[in-house]
Protein chains: 2
Amino acid sequence: MDLMVPLQTGGETPLYEQIYEYIKKEIRSGGLRAAVRLPSTRRLAEHLKVSRSTTQLAYDQLLAEGYIEAVPCRGYFVCETEGLLEISPGMGILPGTEKEKRPERELSRTGEKAAMDFSPGGIDLDSFPYGIWRKISKDTLVDGNRAMLLAGDRQGELSLREAVRDYLHAARGVSCTAEQIVIGAGNEYLLMLLMGVLGRSRKIAMESPTYKQAYRVLAGQGAEVVPVEMDGRGMKTDDLERSGADTAYVMPSHQFPTGIVMPVRRRQELLKWACEKEGRFLIEDDYDSEFRYKGKPVPALQGMGREDKVIYLGTFSQSIAAAIRISYMVLPPSLVPVYREQAGFYASTVSRIDQNILYQFLVKGHFERHLNRMRAVYREKHDSLLTALRPLERDFLVSGEYAGLHLLLTHRRAPERELIRLAGEAGAKVYGLSSCFIGDPEKASGSRTVLLGYASLTKDEILQGADRLVRAWNGL
Amino acid sequence: MDLMVPLQTGGETPLYEQIYEYIKKEIRSGGLRAAVRLPSTRRLAEHLKVSRSTTQLAYDQLLAEGYIEAVPCRGYFVCETEGLLEISPGMGILPGTEKEKRPERELSRTGEKAAMDFSPGGIDLDSFPYGIWRKISKDTLVDGNRAMLLAGDRQGELSLREAVRDYLHAARGVSCTAEQIVIGAGNEYLLMLLMGVLGRSRKIAMESPTYKQAYRVLAGQGAEVVPVEMDGRGMKTDDLERSGADTAYVMPSHQFPTGIVMPVRRRQELLKWACEKEGRFLIEDDYDSEFRYKGKPVPALQGMGREDKVIYLGTFSQSIAAAIRISYMVLPPSLVPVYREQAGFYASTVSRIDQNILYQFLVKGHFERHLNRMRAVYREKHDSLLTALRPLERDFLVSGEYAGLHLLLTHRRAPERELIRLAGEAGAKVYGLSSCFIGDPEKASGSRTVLLGYASLTKDEILQGADRLVRAWNGL
């Protein structure tokens with residue numbers, strides 16, 4: 001089968017994106033039905049007279065969003081995507097970027113700092129725009145700017161909430177008003193606040209392995225947390241249904257720690273589950289939506305047309321710096337009055353000065369430029385690491401490498417602790433997947449997977465560190 | 001009298017600062033006693049062979065910090081400075097100062113802003129040290145200062161906790177180690193955290209009227225809150241015993257909103273109550289310990305020898321600015337491991353940059369100077385208001401005037417709402433005590449008391465506002 005993609009050369013839209021859009025539209029309209037096999041990337045490239053990398057990029061994007069699937073040795077097939085909703089066209093798209101979930105703050109303290117620390121929690125701070133931040137700080141603290149020192153809006157300054165709304169709309173397809181946004185000092189604080197809104201008697205489903213920090217907060221706030229099995233597409237909805245949970249915490253854009261991107265179909269199943277009963281909610285933690293290395297970012301679950309069912313969480317910790325401590329939560333419209341009643345009296349936990357600095361950083365275009373720069377920086381580190389790890393390909397499976405600031409290596413036989421030990425002896429610190437499991441501790445015990453974060457290492461350190469790993473593990 | 005100030009020219013310290021330091025030291029050491037007249041600025045300038053503006057600068061600084069006073073047509077005199085001690089790491093006592101509990105953030109939103117707003121929640125921001133804050137911010141954000149951007153110590157930076165420990169020791173007699181201190185973005189957040197440490201099944205006694213915001217947080221976190229009667233000395237311990245509570249929340253230094261200072265004997269009774277059963281705790285909210293107008297500050301309950309029974313809370317919201325959002329909690333040693341287990345995983349809610357700015361502000365002596373200056377500012381406002389309200393003495397009882405940034409006026413007969421209405425008609429906004437009651441709503445209904453905050457008004461506004469109140473209420 002050949003695809004008649006009408007390509008416009010010399011226009012604003014890249015060729016791969018035109019191909020991606022065309023095929024997506026065909027799938028949506030039913031022109032391409034489920035289980036249909038697509039032409040190979042090579043054949044399509046020849047047919048369209050474009051390079052193969054162009055068709056590969058288009059297919060990668062479709063894969064990432066769950067429109068098509070790759071079957072080894074057979075090719076690409078259209079997925080079942082009936083009833084898909086589309087993000088409003090014409091919106092600006094910021095580069096996808098990925099923030100890391102910082103489990104290192106648990107993990108890295110358990111051991112001694114090794115020479116080359118592949119902590120999955122670091123970010124690159126060499127590129128932090130000190131000068132711009134300093135300038136904005138200085139301008140904020142002008143003499144007599146009393147407004148900056150008064151207690152501000154409890155929900156967060158309106159101007160900042162509007163800027164976050166615009167960013168989320170453009171970059172993540174999130175559909176909300178500034179009224180729905182709450183600014184807070186970190187996701188953990190916002191989850192605490194959220195439990196006050198939802199009520200502490202919630203039964204919350206979480207994938208296992210998951211982001212342990214969120215698990216601790218939710219359990220610590222008194223919620224009953226139930227682990228739900230996941231497959232290669234994320235949380236299994238049958239198991240979710242059986243779990244009796246009324247809330248599900250998921251990371252569809254890039255699950256932590258596995259790096260799985262939840263396909264559109266699974267997202268729809270989750271939304272369907274949430275819509276089946278009054279009071280069911282999805283918590284979408286979009287922690288690392290900013291850094292992607294293939295194609296366009298996957299839009300947020302929140303923007304799929306059922307924003308009344310989704311509580312959306314995001315943070316500037318990884319896109320700017322963890323220390324600035326600013327996160328945001330988008331509540332469904334129905335929960336806004338509940339928030340006002342149950343938690344509206346809590347004063348904002350973010351200094352008004354800091355809110356203003358971030359606001360200026362956003363609206364003056366610095367954030368967009370910073371993200372673009374960081375994406376290039378991370379892409380280079382990501383590619384360097386992948387290349388340097390090639391000698392391990394025979395015995396390891398690499399995963400989670402489409403996005404984010406870490407990837408996973410799974411050995412054919414060797415247990416995680418053996419991998420960590422050998423790496424440590426060679427002067428490289430890596431992190432085990434097992435610490436991210438919740439529920440049955442037996443499940444974690446078979447782990448043969450380690451996490452490698454590369455964001456805070458320089459390119460030279462990455463190459464040296466990868467070299468140590470290759471030497472440490474080659475004889476396994 | 002001539003002063004033999006040993007001046008070093010060409011050194012790092014400006015001449016005016018050397019003169020200021022010399023005179024301050026003389027006053028502190030008793031070399032210059034209260035009521036002694038200083039030489040005029042002109043004469044001192046001639047004597048020291050410096051310009052008159054130099055001596056004027058030194059005197060202005062001493063005036064601002066309350067070491068000397070200017071008597072029109074007579075000159076400068078040394079003040080009584082018994083309460084004005086010094087903090088240097090490890091020793092010294094800071095002047096008692098009072099931070100306001102900001103009920104205005106409830107209260108002031110209920111009505112329209114009147115011309116003269118006696119909100120009990122404001123502070124004086126005209127004296128905020130913008131220049132110093134800007135300078136420290138700038139120095140913190142130097143290029144490549146990566147440490148400032150990394151996720152820091154969850155409990156708060158150790159250096160800041162040590163500086164807070166020194167301050168609390170010197171100024172409040174609090175006995176603790178830096179290990180016991182947790183830094184957080186506001187008292188409300190720290191109370192949330194604390195409920196995770198103590199467990200949400202607590203039964204917490206609070207005075208009525210009380211600080212409503214703390215009531216909302218504790219109740220919102222799932223604790224059972226029981227109102228306990230108070231007399232002129234604070235919470236009644238017999239009633240506390242009968243209430244069945246296992247925790248008591250009190251403000252011994254200056255109860256909000258009544259302004260009652262709890263006598264030592266009542267404090268001992270509270271401690272006795274706490275010691276009688278395992279697991280009983282006192283929460284001491286020392287929210288406004290910085291501003292006092294008579295004598296030395298009353299040391300904290302925490303420092304009375306049973307620090308294993310007291311959870312101590314304080315904030316920089318009122319001594320510096322609400323918007324900076326930095327508070328601290330001192331845990332009893334026995335609760336430190338419980339905190340680590342139950343809540344130690346929560347990342348700090350205060351930006352590391354802001355923690356560093358505050359740290360520098362504390363250890364470089366700026367905070368001490370700022371407090372001394374603010375005490376003088378608030379004392380003047382406090383005295384002006386009291387004087388201007390004298391015509392009302394016949395029908396009103398003034399209370400809560402020993403400390404803090406507000407006082408209370410209780411009429412012989414007229415109900416609170418009548419006082420508020422008449423004041424409003426005359427162009428002055430005052431706040432009713434009734435909104436601070438918890439428990440039985442009947443108790444609040446008989447209130448004949450209004451709160452008048454004066455911190456955020458200028459002296460002229462205070463005089464004008466008081467004049468309006470006198471006219472509004474004189475015919476009652």
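First the proteins, then the strands, lettered A, B, ... as listed; each starts at 1.
- Annotation: maximal heavy-atom pairing with chain B below 4.5 Å, among A/L193, A/I353, A/V142, occurs at A/V142.
- Residues meeting the salt bridge (charged side-chain N to carboxylate O under 4.0 Å, His left out) test with A/K138, sequence neighbours left out: none.
- Using a 4.5 Å cut-off between heavy atoms, A/F128 contacts chain B through its side chain alone, with no backbone atom that close.
- Panel note: side chain A/R325, backbone B/S348; a donor-acceptor pair is recorded below 3.5 Å.
- Residue A/Q355: no heavy atom, backbone or side chain, is found under 4.5 Å from chain B.
- Contact annotation for B/D354: only side-chain heavy atoms (C-beta onward) come within less than 4.5 Å of a heavy atom of chain A.
- From B/E188, atom CD reaches atom OG1 of A/T349 across 9.5 Å, with rounding to the nearest 0.5 Å.
- Although no hydrogens or angles enter the test, the distance criterion places a donor-acceptor pair under 3.5 Å between the side chain of B/R134 and the main chain of A/L141.
- For A/H370, there are no ring-ring contact (aromatic ring centres under 6.0 Å, His included) partners at least two apart in sequence or on another chain.
- Put simply, of B/S351, B/A343, B/A321, the one with the most heavy-atom pairs under 4.5 Å next to chain A is B/S351.
- Chain A forms the most heavy-atom pairs under 4.5 Å with one residue out of B/Y130, B/Y346, B/Y189, and that residue is B/Y130.
- Residue with the most contacts toward chain B among A/R200, A/Q342, A/M195: A/R200 (heavy-atom pairs, distance under 4.5 Å).
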